[in-house]
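Some notes on the structure that comes next.
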Number of protein chains: 2
Amino acid sequence: MKDYSLNSEHLNSKNLIPDTGIFNYLTNDEKLRLSNNVTLMNFERQDILFKQNMPSDHVVYIVSGLIKIYRGGRGYRVVCIKLAGPGEFAALSCAYASNIYRYSAAAIEKTVALMMRKEAFRDVLKNNGMFSVSLISLMGKEIIEVSNKLVNFSMKQLPGRVADMIRYFSEEVFNNTEFTVALTRQEMAELIGTTKESLIRTLNEFKHDKIIDLEGKHIKIISNDLIKVLSEIG
Amino acid sequence: MKDYSLNSEHLNSKNLIPDTGIFNYLTNDEKLRLSNNVTLMNFERQDILFKQNMPSDHVVYIVSGLIKIYRGGRGYRVVCIKLAGPGEFAALSCAYASNIYRYSAAAIEKTVALMMRKEAFRDVLKNNGMFSVSLISLMGKEIIEVSNKLVNFSMKQLPGRVADMIRYFSEEVFNNTEFTVALTRQEMAELIGTTKESLIRTLNEFKHDKIIDLEGKHIKIISNDLIKVLSEIG
DNA sequence: CTTTTATGATGATTTAGATCATCATTATAT
DNA sequence: ATATAATGATGATCTAAATCATCATAAAAG
C-alpha cells in the first residue's frame with residue numbers, strides 16, 4: 001500500500017517535458033506546471049494524431065518517430081504539407097490562430113508524441129519571454145519552409161521535385177545517403193504534388209540513370225552531386 | 001528658434017506605433033521605446049521594401065497601401081507568395097528564424113510602412129506575453145494561409161485558381177464585388193503560379209461567360225455564385 | 001493456406017497549360 | 001511630339017505529366 005501510494009505520487013509529479021530545444025528556456029516550475037497538462041501518447045503507423053476540422057485543443061510535440069501533416073481535398077486527393085520528426089511541433093499554427101485543426105496528422109512510423117493542452121502551453125508562453133521568442137523563431141522557420149515548398153511546386157518540374165524529396169530524406173530526416181522510408185509511392189507522390197505513376201516513373205528513371213539505387217522502400221544515393229544539380233536546376 | 005526647438009523635441013518623442021491590432025497590448029512606455037526604433041517610410045509603386053538574401057534587420061508593418069512578397073528563381077521566373085495590406089506584417093518569418101530575408105517585397109501601390117528594428121521588437125516580445133502570444137497567433141494564420149495556397153496550387157487547375165484570386169481581391173483586399181487592381185497581368189499570373197498568357201485567356205473566358213466584367217485593371221464580379229463554385233470545385 | 005486487397009510497375013492515350021510568335025495598345029522616355 | 005519600351009491580347013504548337021488500363025507482386029485477411 002505504502003509503496004503503491006509513493007509510486008503514484010512519484011508518477012503524478014513526473015516531469016514529461018524534455019530537456020531539449022526550446023524547453024530549455026523553461027524553469028523547473030514551469031516544466032512541472034506544463035507537464036500536468038501533457039499526455040504522452042504512442043502511435044502506430046497510420047494512426048491519426050488529429051484530424052482536419054476537429055476542435056484544436058492540443059499542441060503536439062514529437063518525441064520520436066515520424067508523422068505526416070496533410071490536407072484532404074475532394075475526391076480522395078491528398079496533399080502532404082510536411083513531415084515532422086523528433087523535436088518538431090505539429091498543430092502549432094492552429095493552436096492560437098484557429099479553433100479547429102486546418103489539416104490532419106498521421107504517424108508514418110511508430111511515434112511517441114506529447115499532447116500538450118494549448119491553454120497551459122499559452123500560459124507558459126505568456127510568462128516566459130525567451131520561450132515565446134523561441135517559438136516565434138520556430139514558426140518563422142515553418143513559414144519559410146512552406147513558402148519554399150510553394151515556390152518549388154510552382155517553379156520546378158517533376159525530376160527537380162523528386163530530387164528535392166530525396167535530398168530532404170537524406171539531409172533532414174535520416175542524415176544518411178542510404179535510408180529506408182516507410183512511405184508508400186502514393187504517399188511520396190502526395191509529398192511532392194504528383195501522382196503515384198509519375199513518381200514511380202521518375203524514381204525508376206533515376207535508378208536507370210545510376211543516380212540512385214532503389215529496392216522497394218530502400219533508397220541509396222549513388223550520385224549526390226547529380227541529385228543536388230537536379231534539385232537546383234528544377 | 002524657440003518654436004523650432006519645441007517642434008523638434010515634440011517630433012523626437014512622437015509615438016509612431018499605431019493604436020490598432022496587436023499593438024493594443026503594448027503599454028505607453030513600450031510603445032515609446034519601440035517607436036524610437038521605428039522608421040516611417042513612404043514607397044511608390046515598384047519600390048523595393050527589402051530584397052531576398054539581404055541581412056534581415058527589420059520587421060515591416062504596413063500602415064497603408066499594398067505590397068507583394070515574392071521569390072525570384074532562375075530565369076526571371078517569379079512566384080508571389082502573398083500580398084500584404086494595412087495592418088499586416090512582412091518579414092516576420094525571417095526576423096528570428098533567419099539572418100537574411102528569404103524573399104523580396106515591393107510596393108504594388110503607394111504604401112506607408114513602419115520599419116521596426118528587429119532587436120527592439122524582440123525586446124518588447126520578450127517582456128510582454130500578450131503581445132508575443134498575439135504575434136504567435138498572427139504567424140499561425142500566416143502558416144495556414146501559405147499551406148492553403150500550397151494545397152490550392154497542387155489540387156486546383158487554372159479556372160479554380162483564377163476564381164480564388166478574384167475572390168481574394170473581392171473578399172480580403174477591397175471588400176467589394178467591383179475593384180481596380182494595380183497589378184499587371186504578369187503579376188497576377190505570378191500570384192497564382194501560371195503564365196501571363198494563360199491568365200489572360202482565363203480572365204477573358206470568364207468575361208465571355210458573363211462571370212465577370214473586365215476592363216483593363218478594373219474587374220466587376222457579375223456572378224459571385226459562379227466564382228465561388230469555380231473556386232470550390234477547383 | 002488460400003483469397004482478397006494494397007502496392008509497385010509499365011504502356012497507351014489525353015490534356016491542361018507552357019512556350020513561341022505576332023501584333024495592337026498603352027505607358028514611358030527622349 | 002515622336003520614339004521606345006512595357007503591357008495586353010490571340011493564335012499555333014508542343015510537352016510534361018495526368019489519366020486510364022493492365023498486370024505482377026507483396027501484404028493482409030479470411
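A note on names: the letters A, B, ... follow the listed sequences, proteins ahead of strands, and every chain is numbered from 1. Keep in mind that this is a model prediction, so the values were computed, not measured.
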Students often mix this up, so state it plainly: with edges at 30° and 60°, are the rings of [X] and [Y] parallel, tilted or perpendicular?
X        : Y        : answer
A:Phe50  : A:Tyr101 : parallel
B:Phe121 : B:Phe89  : perpendicular
B:Phe23  : B:Tyr61  : perpendicular

Item to complete: Locate the shortest heavy-atom distance separating B:Gly140 from A:Ala97; write the atom from each residue and the value.
Response: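 That would be C-CB, 3.6 Å.
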
Worksheet item: For the residue pair B:Phe153 and B:Gly193, what are the closest heavy atoms and their distance?
Response: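 That closest heavy-atom pairing would be CZ-N, 3.6 Å.
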
Discussion item. Let me test you: for the helix from C:dC1-D:dG30 to C:dT30-D:dA1, what is the angle between the axes at its two ends (five pairs each), rounded to 10 degrees?
Written reply: 50°

How close or far is atom [atom2] of [N] from atom [atom1] of [X], stated in whole angstroms?
X        : N      : atom1 : atom2 : result
B:Glu187 : D:dG8  : CD    : C1'   : 14 Å
A:Leu203 : D:dA17 : CG    : P     : 14 Å
A:Lys196 : D:dT19 : NZ    : P     : 10 Å
A:Glu190 : D:dA18 : CD    : P     : 13 Å
B:Lys217 : D:dG8  : NZ    : P     : 4 Å
B:Gln186 : D:dA6  : CD    : P     : 12 Å
A:Lys156 : D:dA17 : NZ    : P     : 13 Å
B:Arg201 : D:dG11 : CZ    : P     : 8 Å

Worksheet item: Are B:Asn148 and A:Arg71 close enough, and set up right, to give a side chain to side chain donor-acceptor pair (under 3.5 Å), and what steps lead you there?
Response: CA-CA 9 Å; B:Asn148 280 345; A:Arg71 278 258 313 255; 2.4 Å; yes

Worksheet entry | Which nucleotide in D:dG8, D:dA16, D:dA18 has an atom nearest any side-chain atom of A:Gln157 |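 So the side chain of A:Gln157 is nearest to D:dA16.
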
Worksheet item: Think B:Thr184 has a side-chain N or O under 4.0 angstrom from the OP1 or OP2 of D:dT7?
Response: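 So the side-chain polar atoms of B:Thr184 never come under 4.0 Å of the phosphate oxygens OP1 or OP2 of D:dT7.
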
Practice prompt. Might you work through the side chain to side chain contact (heavy atoms under 4.5 Å, CB included) test for B:Ile144 and A:Ser98, ending with a clear yes or no?
Written response: CA-CA 9 Å; B:Ile144 293 170; A:Ser98 167; 4.1 Å; yes

Worksheet item: Mapping B:Gln46 and B:Asn204 onto DNA chain D by nearest heavy atom, which one lands closer to the 5' end?
Response: B:Gln46

Worksheet item: DNA chain D: A:Pro159 or B:Arg185, which has the more 5' nearest nucleotide?
Response: B:Arg185

Worksheet item: Just one of A:Ile211, A:Asp164, A:Val162 clears the side chain to side chain contact (heavy atoms under 4.5 Å, CB included) bar with A:Ile227, so which one?
Response: A:Ile211

Fill in: Boundaries of the chain B footprint along DNA chain C (any atom under 4.0 Å from a heavy atom)
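Reading along DNA chain C, I get C:dA16 to C:dC20.
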
Worksheet item: B:Lys149 and B:Glu142: salt bridge (charged side-chain N to carboxylate O under 4.0 Å, His left out), yes or no, with the steps?
Response: CA-CA 11 Å; B:Lys149 193 157 181 173; B:Glu142 195 166 333; over 6 Å; no

